[in-house]
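Working notes for the structure below.
Heavy atoms only: backbone and side chains are in, while hydrogens, waters and symmetry mates are out. Here the structure is a predicted model, which means the values were calculated and not measured.
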Amino acid sequence: MLPEIPLADWVDSFVHWITIHFQTFFSSLTQIIETLLDNLVKVLGMAPSLVLILLITILAWYTSRWTMGLFSLLGLLLVDNLGLWDATINTLALVLASVALTVIIGIPLGIWASQNDKVKQIITPILDFMQTMPAFVYLIPAILFFGIGVVPGILASVIFAVPPTIRLTILGIREVPTELIEASNAFGSTTWQRLFKVQLPLAAPTILAGINQSIMLALSMVVIASLVGAPGLGAEVYRAVSQIKVGAGFEAGLSIVIIAIILDRISQNLRKPVYGKTISKKYVYGLFAALLVIPYLVTSFGGNTTEKISPNNVGEQVQYEITGIDPGAGLMTATAKAMKDYNLKDWKLKEGSSAAMTAELQKAYEQKQPIIVTGWTPHWMFAKYKLKYLKDPKESFGKSESIHTIVRKGFKEDNPNAYKILDSFYWNPTDMEEVMVDIQNGAKPEEAAKKWVVHHPDIVKKWTQGVQKGNGQKVSLVYVAWESEIASTNVIGSVLKNQGYNVTLKQVEAGPMFAGVANGSADAMVAAWFPTTHKDYLNTYKNQLVDLGPNLKGTKLGLVVPEYMPINSISDLENK
């Protein structure tokens, strides 16, 4: 049998090499894109919401009939009424920036490939790869290259959305009738004259269709981009999903639908607007371009000053930002409370995910840069890096927590022996960290769990003592994708499998984890953090759950920094 190809290790090494050697380039590119996007957000939000709503309504009416104008007016007024206008502005800015980069990259590449068969042969499989690779995969290196924020979201959107523009540009130009090409050659046209006078005008409908598809794909990325901290309607959807807020999720989702329909109809009819014969499109589009470009230039060059960062001011060094995890997580709620308690009113808590947070920490730690993250123990990052908790004299994060085992009602009667194993499950933070470190070092979670079970038979024996083996009964475990819960769920899952049970593990968000056990679609979880982190979920579902008590004690929440940073308390951030 052939040995396994270490493809993942090769990719990790390649990405690590790029991160180190091109850091200056990535930092500069991040700064440029963030500045451009910030200015775009300022332009779109500088006037009252009603002004932008009326402008979009007029453009929709002009391009797509009065019915579309009416829909745009009512739809955007609804979005404003729901309190989602600021999020909508951020989403529009993200989509517009992504589409602008898509057009700048896609159309020239499409033209080149349409004129050169070898280029087309090279670029086609690359486009196939870009379109079929899951969009989440693009976020992983993007976090390491560009950090948490809107930049990795934009670049992932561009990679995902650019193929239709390239493909349809190639298709449109290559489908220009041969007779017309021959006629232009007969009149002595140069290559550039033929391209701009014949091919591009005739291919314009197809090219615009590609841009339309790119707009829709970029808009579909807004929720995924929120996983790395991109603001907007996607973050509102992500927050609603993690907290099982159906109403809030519907409102944000409906807002995305409204924006998608408006952008789709406008982009479809830009070339031949419905009222183009009544009012020349060059005047209408020229006016809208001026309304966007002039304020943008004024905002960009209107005397913005960059403050000099003091090397002794920690707040300025980290740009007054705390790198957080999933929106809606209990740790994020506790951090927001701490920021209020310590009067950190000028600070910003960046949302993202636990994976994005640790990627940002890794990037900063390797370069000895200052960073403040939301942290908890047990966590592998304390074994890999030299970190410290900032003291919390006001106890905003509360005291230490415990991780509890929760099962659905009726599980004890349906599966008494599996219930006993789950009820007996208890280990220490050092045990959990042992599994977490193995996973972080490259082992698959199930392999790391099996290794721990084999090496700790005495502990496992306490969990299974006096319990009859199963006979293939199904046990469904759910867990949130935190490193600690991946470790604990895989370990107890491995033990249950060894005892003869048919175990399935399902990774979900915190809200669905509690909801799944409460409604019986899952049997149990060993990932409930009490009394702070998952307090809201317990209050919501406490009458539908059975709490078997702690399976691990001694957890901790707080703000974490590398040991090389010269601060020791959250109070220090008030003046630094």
Side-chain angles (χ1 to χ4, degrees), residues 1 3-4 6 8-9 12 354-355 358 362 375-387 400-407 415 417-507 523-529 548-556:
M1 186 175 179
E4 180 180 350
D9 294 336
D12 288 340
S354 59
T358 52
Q362 174 185 332
W376 65 95
T377 45
H379 196 290
W380 60 263
M381 63 184 181
F382 288 91
K384 186 172 184 178
Y385 310 119
K386 292 182 179 180
L387 307 173
S400 64
E401 290 198 295
S402 299
I403 307 178
H404 286 227
T405 301
I406 304 289
V407 300
N415 209 332
N417 289 296
Y419 176 92
K420 288 180 182 179
I421 294 173
L422 287 166
D423 194 21
S424 302
F425 174 51
Y426 185 88
W427 60 346
N428 295 312
T430 52
D431 297 318
M432 178 182 279
E433 287 178 349
E434 185 178 333
V435 181
M436 294 165 68
V437 169
D438 282 343
I439 296 173
Q440 179 58 25
N441 289 337
K444 294 181 179 179
E446 57 270 22
E447 293 174 350
K450 289 178 181 178
K451 175 183 174 183
W452 188 93
V453 169
V454 170
H455 290 173
H456 298 82
D458 294 339
I459 298 176
V460 175
K461 186 177 180 180
K462 293 179 181 178
W463 303 343
T464 59
Q465 191 169 12
V467 177
Q468 296 180 1
K469 286 203 171 187
N471 190 26
Q473 296 97 324
K474 293 183 178 180
V475 178
S476 174
L477 303 177
V478 287
Y479 64 99
V480 67
W482 298 349
E483 288 82 355
S484 54
E485 311 325 313
I486 292 172
S488 60
T489 306
N490 275 274
V491 165
I492 194 62
S494 179
V495 171
L496 287 168
K497 287 179 182 178
N498 292 341
Q499 292 297 307
Y501 293 95
N502 181 8
V503 182
T504 58
L505 308 184
K506 300 177 182 177
Q507 177 183 309
D523 293 315
M525 59 171 147
V526 293
W529 287 57
L548 302 185
N551 58 60
L552 184 145
K553 293 181 180 179
T555 66
K556 185 177 181 180

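- Within the 4.5 Å cutoff, no side-chain heavy atoms of S484 are placed close to those of T555.
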Begin with the C-alpha distance, continue with both residues' side-chain angles, and end with the deciding distance and a verdict on side chain to side chain contact (heavy atoms under 4.5 Å, CB included) for V453 and N498. CA-CA 10 Å; V453 169; N498 292 341; 3.8 Å; yes
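- Taking the six-membered ring for Trp and thresholds of 30 and 60 degrees, W463 and W452 have nearly parallel ring planes, at less than 30 degrees apart.
- Counting only heavy atoms from C-beta outward, the side chains of Q440 and K384 approach each other to under 4.5 Å.
- Between V475 and L496, the shortest heavy-atom distance links the atoms CG1-CD1, 4.1 Å.
- The two residues G375 and M381 have their closest heavy-atom pair at CA-CE, 3.8 Å.
- I421 has its side chain within reach of I492: a pair of non-hydrogen atoms, C-beta onward, lies under 4.5 Å apart.
- For the pair D523/N415, no side-chain contact is recorded, criterion being any heavy-atom separation below 4.5 Å from C-beta on.
- When side chains are defined from C-beta on, K462 does not count as touching Y426, because their heavy atoms never get closer than 4.5 Å.
- Nearest heavy atoms, H379 versus M436: CA-CE, 3.0 Å.
- The shortest side-chain heavy-atom distance between Y479 and L505 falls under the 4.5 Å cut-off.
- Contact record, N490 with P445: ND2-CB, 3.6 Å, taken as the closest heavy-atom pair.
- Q499 places none of its side-chain heavy atoms less than 4.5 Å from the side chain of N417.
- Residues V526 and L477 form no side-chain contact, since every pair of their non-hydrogen atoms from C-beta on lies 4.5 Å or further apart.
- In this structure, Q468 places its CD atom where only 12 or fewer heavy-atom neighbours from other residues, nucleotides or ligands lie under 6.0 Å away.
- The aromatic rings of F425 and W427 are tilted relative to each other, their planes meeting at an angle between 30° and 60°.
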